[in-house]
Amino acid sequence: MSSKDRVIIFDTTLRDGEQSPGASMTKDEKLRIAKVLERLRVDVIEAGFAIASPGDFEAVKAIAESIKDSTVCSLARAVDADIERAAEALKNANSGRIHTFIATSPIHMQYKLRMQPDQVVEQAVRAVKKARSLCADVEFSCEDAGRSEIDFLCRIIEAAIAAGARTINIPDTVGYAIPHQYGEMIGQLLARIPNADQAVFSVHCHNDLGLAVANSLAAVVAGARQVECTINGLGERAGNAALEEIVMAIKTRHDLLGVYTNIDTPHILAASRLVSGITGFPVQPNKAIVGANAFAHESGIHQDGVLKHRETYEIMSAQSVGWHTNKMVLGKHSGRNAFRTRLEELGIQLADDAALNAAFARFKALADKKHEIFDEDLQALVSETQDEEAPEHYRLHALEVVSKSGMVPRAHLRLTVAGSDQEATAEGAGPVDAIFKAIESVAASQASLQLYSVNAITEGTDSQGEVTVRLEKGGRIVNGNGADIDILVASAKAYINALNLMRAGVPKAHPQAADV
């Protein structure tokens with residue numbers, strides 16, 4: 001198949017996906033996700049918005065220095081300071097890209113930029129030329145292109161390509177487009193812009209009307225050859241086009257679309273679970289491709305059909321996206337080498353032998369409680385080990401919870417606080433509420449609870465529960481995670497982890513101030 005038929009996958013989980021309230025990530029968390037995206041063979045990883053904060057700059061820089069097989073990209077507004085900061089973060093990248101943008105819709109130009117169209121074109125050209133002087137690979141985006149006038153889009157895109165942009169992004173920033181209309185717009189741009197053949201046309205669709213994937217595919221049919229998307233469709237408001245849905249639609253309906261991607265699809269599920277675990281955004285069971293029910297059949301008619309011939313009710317195999325293909329059951333008799341090998345196969349890299357030893361010790365402790373250890377358990381176990389590498393002001397030592405019918409639930413716990421033991425007891429509306437109140441009676445953090453989320457990591461009643469607790473204080477939001485086969489212990493761990501992150505001031509990336 002011709003390279004002209006390849007669709008470039010541009011993943012913006014670490015930039016646009018992070019704009020979901022509460023989804024901000026530390027540098028180390030971003031790096032872990034970037035390595036999984038590289039293993040997935042994502043073409044371009046948008047690592048962040050380098051000028052947004054020192055933490056975001058350091059995250060882009062670290063990813064640029066670590067990732068070798070994917071292009072690493074940083075977003076920049078069409079101003080010199082942004083572009084210079086992006087170039088500085090990307091200077092050690094094996095392959096780097098500066099992604100600069102300016103708004104092009106009448107409503108944005110008038111009310112946000114307060115600029116005339118001529119001024120917008122002039123600034124766009126200046127920004128692209130500045131970026132090209134610092135980086136060979138430059139992408140230009142027309143923010144809110146979905147509500148922009150087609151004549152003005154043709155004018156500014158032609159100028160941007162002439163200035164050196166080699167990727168042109170046409171974002172549906174507010175999720176306003178309808179597939180046939182959006183596809184027609186892409187087709188018109190490709191036909192009307194004289195130098196359109198000198199650039200790859202890209203799309204970036206938001207999901208406000210639930211049409212992000214449909215709009216993206218309509219654009220591909222019309223000639224777009226880059227799709228910007230996120231793992232699990234993560235993103236602000238209703239999210240972005242989901243990478244897993246875009247990729248599998250292209251793969252499954254090759255007969256109709258006639259294009260392909262370079263994505264190594266059996267790694268999709270691992271990427272989905274890592275992003276879900278780090279951000280605390282659980283995947284809904286009926287989510288396409290990566291939801292727990294995506295390949296489940298309850299109807300007798302469906303079950304009978306699948307047993308006779310899988311394709312009667314499944315248009316793709318579960319194994320093609322990672323379900324069950326990575327299953328290697330580990331148990332208490334498994335050794336360090338088997339443990340290390342499985343982590344490597346899952347794309348999990350630990351910093352050193354000390355980190356491996358800590359993770360292996362946790363694995364053995366879990367294996368004593370749980371007969372079979374699955375890949376999902378390992379992901380959670382490593383996440384918890386890495387979380388505990390941060391300074392621990394609070395540590396849970398013991399927990400007792402009493403909850404009976406007709407009785408107010410009570411929690412009693414023992415914490416180590418700055419090296420000394422403290423005990424606390426509290427009552428609550430439920431057992432988890434009692435635990436959190438007991439912890440707060442010691443911590444007195446004055447943080448407000450924004451989210452409490454529970455996920456079963458694997459099937460069965462002996463499954464580990466993975467809990468995410470989101471705390472907010474003074475405008476700062478942190479996500480704490482905890483995993484245990486006892487969901488109440490996992491809840492306490494997650495709350496304490498959030499308190500430690502809040503107290504340690506672990507730098508989370510800045511909530512992005514710009515979007516395309």
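Keep in mind that the numbers below use all heavy atoms, side chains included, and drop hydrogens, waters and symmetry copies.
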Quiz item: Hey, is Asp28 close enough to Lys30 for a salt bridge, meaning N to O under 4.0 Å?
Solution: no
Quiz item: Would you say the side chain of Phe152 lies within less than 4.5 Å of the side chain of Ile150, judging by non-hydrogen atoms?
Solution: no
Quiz item: Which heavy atom in Lys27 sits nearest to a heavy atom in Ala62, and how many Å separate them?
Solution: CD-CB, 3.9 Å
Quiz item: If only atom types and distance count, is the side chain of Ser276 paired as donor or acceptor with the main-chain N or O of Ser272 below 3.5 Å?
Solution: no
Practice problem: Return yes if some donor-acceptor pair links the side-chain N/O of Glu158 with the main-chain N/O of Pro194 below 3.5 Å, else return no. | Solution: no
Exercise. Flag the pair Arg192 and Asp151 as a salt bridge only when some basic side-chain nitrogen lies within less than 4.0 angstrom of an acidic carboxylate oxygen.
Key: yes
Practice problem: Check whether any side-chain heavy atom of Asn481 sits under 4.5 Å from a side-chain heavy atom of Val467, and report yes or no. | Solution: no
Practice problem: Quick one: list whatever passes salt bridge (charged side-chain N to carboxylate O under 4.0 Å, His left out) with Glu184, sequence neighbours left out. | Solution: none
Quiz item: Can you check whether Ser320's main-chain N or O pairs, donor with acceptor, with Thr265's side chain at less than 3.5 Å?
Solution: yes
Quiz prompt | Flag, side chain of Glu143 to backbone of Pro171, donor-acceptor distance under 3.5 Å | solution = no
Practice problem: Under the salt bridge (charged side-chain N to carboxylate O under 4.0 Å, His left out) rule, what do Glu88 and Arg85 come out as? Steps first, then yes or no, please. | Solution: CA-CA 5 Å; Glu88 185 181 355; Arg85 191 67 167 159; 3.5 Å; yes
Quiz prompt | Exercise: identify the closest heavy-atom pair between Ala86 and Ser74 | solution = CB-OG, 3.6 Å
Self-check item: Note, Ile9 side chain near Asn262 side chain (heavy atom, < 4.5 Å)
Solution: no
Quiz prompt | Leu40 side chain near Ile231 side chain, heavy-atom distance below 4.5 Å | solution = yes
Quiz item: Which pairs pass salt bridge (Lys or Arg N to Asp or Glu O under 4.0 Å) with one or both residues in residues 194-216, sequence neighbours excluded?
Solution: Asp208-Arg237
Quiz item: Would you say Gln116 has more than 12 foreign heavy atoms packed within less than 6.0 Å of its CD?
Solution: no
Self-check item: Beyond-backbone contact of Leu75 with Thr12, side-chain heavy atoms, under 4.5 angstrom
Solution: no
Quiz item: Can you name the salt bridge (charged side-chain N to carboxylate O under 4.0 Å, His left out) partners of Glu228, sequence neighbours left out?
Solution: none
Exercise. Using the test salt bridge (charged side-chain N to carboxylate O under 4.0 Å, His left out), find all partners of Asp144 that sit at least two apart in sequence or belong to another chain.
Key: Arg147
Quiz item: Hey, are Lys287 and Glu245 close enough for a salt bridge, meaning a charged N less than 4.0 Å from a carboxylate O?
Solution: yes
Self-check item: Contact list for residues 196-226, test ring pair (Phe, Tyr, Trp, His ring centres under 6.0 Å), sequence neighbours left out
Solution: His204-His206
Practice problem: Would you confirm whether Ser105, through its side chain, and Ser148, through its main-chain N or O, come within 3.5 Å as a donor-acceptor pair? | Solution: no
Practice problem: Taking atom NZ of Lys68 as the centre, report whether more than 12 heavy atoms of other residues, nucleotides or ligands fall under 6.0 Å from it. | Solution: yes
Exercise. Evaluate the side-chain proximity of Phe281 to Asn232: yes if any heavy-atom separation is below 4.5 Å, no if none is.
Key: no
Quiz item: Sub-3.5 Å donor-acceptor pair from the side chain of Glu139 to the main-chain atoms of Arg97, do we have one?
Solution: no
Quiz item: Applying the side chain to side chain contact (heavy atoms under 4.5 Å, CB included) test to Arg225, which of Thr167, Val203, Ile8, Val220 qualifies?
Solution: Val220
Exercise. Please tell me if the side chains of Val283 and Arg273 come closer than 4.5 Å, counting only heavy atoms from C-beta onward.
Key: no
Practice problem: Mark yes or no for whether Arg132, through its side chain, and Gly164, through its backbone, hold a donor-acceptor pair below 3.5 Å. | Solution: yes
Practice problem: Answer yes when Glu84 and Lys130 have at least one side-chain N-carboxylate O distance shorter than 4.0 Å, and no when they do not. | Solution: yes
Quiz item: With the threshold set at 4.0 Å, does a side-chain nitrogen-carboxylate oxygen contact exist between Lys61 and Glu58?
Solution: no
Self-check item: Minimum heavy-atom distance between Ile168 and Ala165, given as atom pair plus value
Solution: CD1-CB, 4.0 Å
Quiz item: Who passes ring-ring contact (aromatic ring centres under 6.0 Å, His included) against Phe10, sequence neighbours left out?
Solution: His99
Quiz item: Do any N or O atoms from the side chain of Asn195 and from the backbone of Ile161 form a donor-acceptor pair under 3.5 angstrom?
Solution: no
Quiz prompt | Expected output: side-chain Asp172 to main-chain Ala177 donor-acceptor under 3.5 Å | solution = yes
Exercise. State, to 0.1 Å, how close Gly96 and Thr71 come at their nearest heavy-atom pair, and which atoms those are.
Key: C-CG2, 4.0 Å
Quiz item: Under the 3.5 angstrom rule, does the side chain of Glu244 hit a backbone N or O of Ile268 as a donor-acceptor pair?
Solution: no
Quiz item: Do Leu14 and Ile63 touch side chain to side chain, with heavy atoms closer than 4.5 Å?
Solution: yes
Quiz item: Around atom CD of Gln198, are there more than 12 heavy atoms of other residues, nucleotides or ligands at under 6.0 Å?
Solution: yes
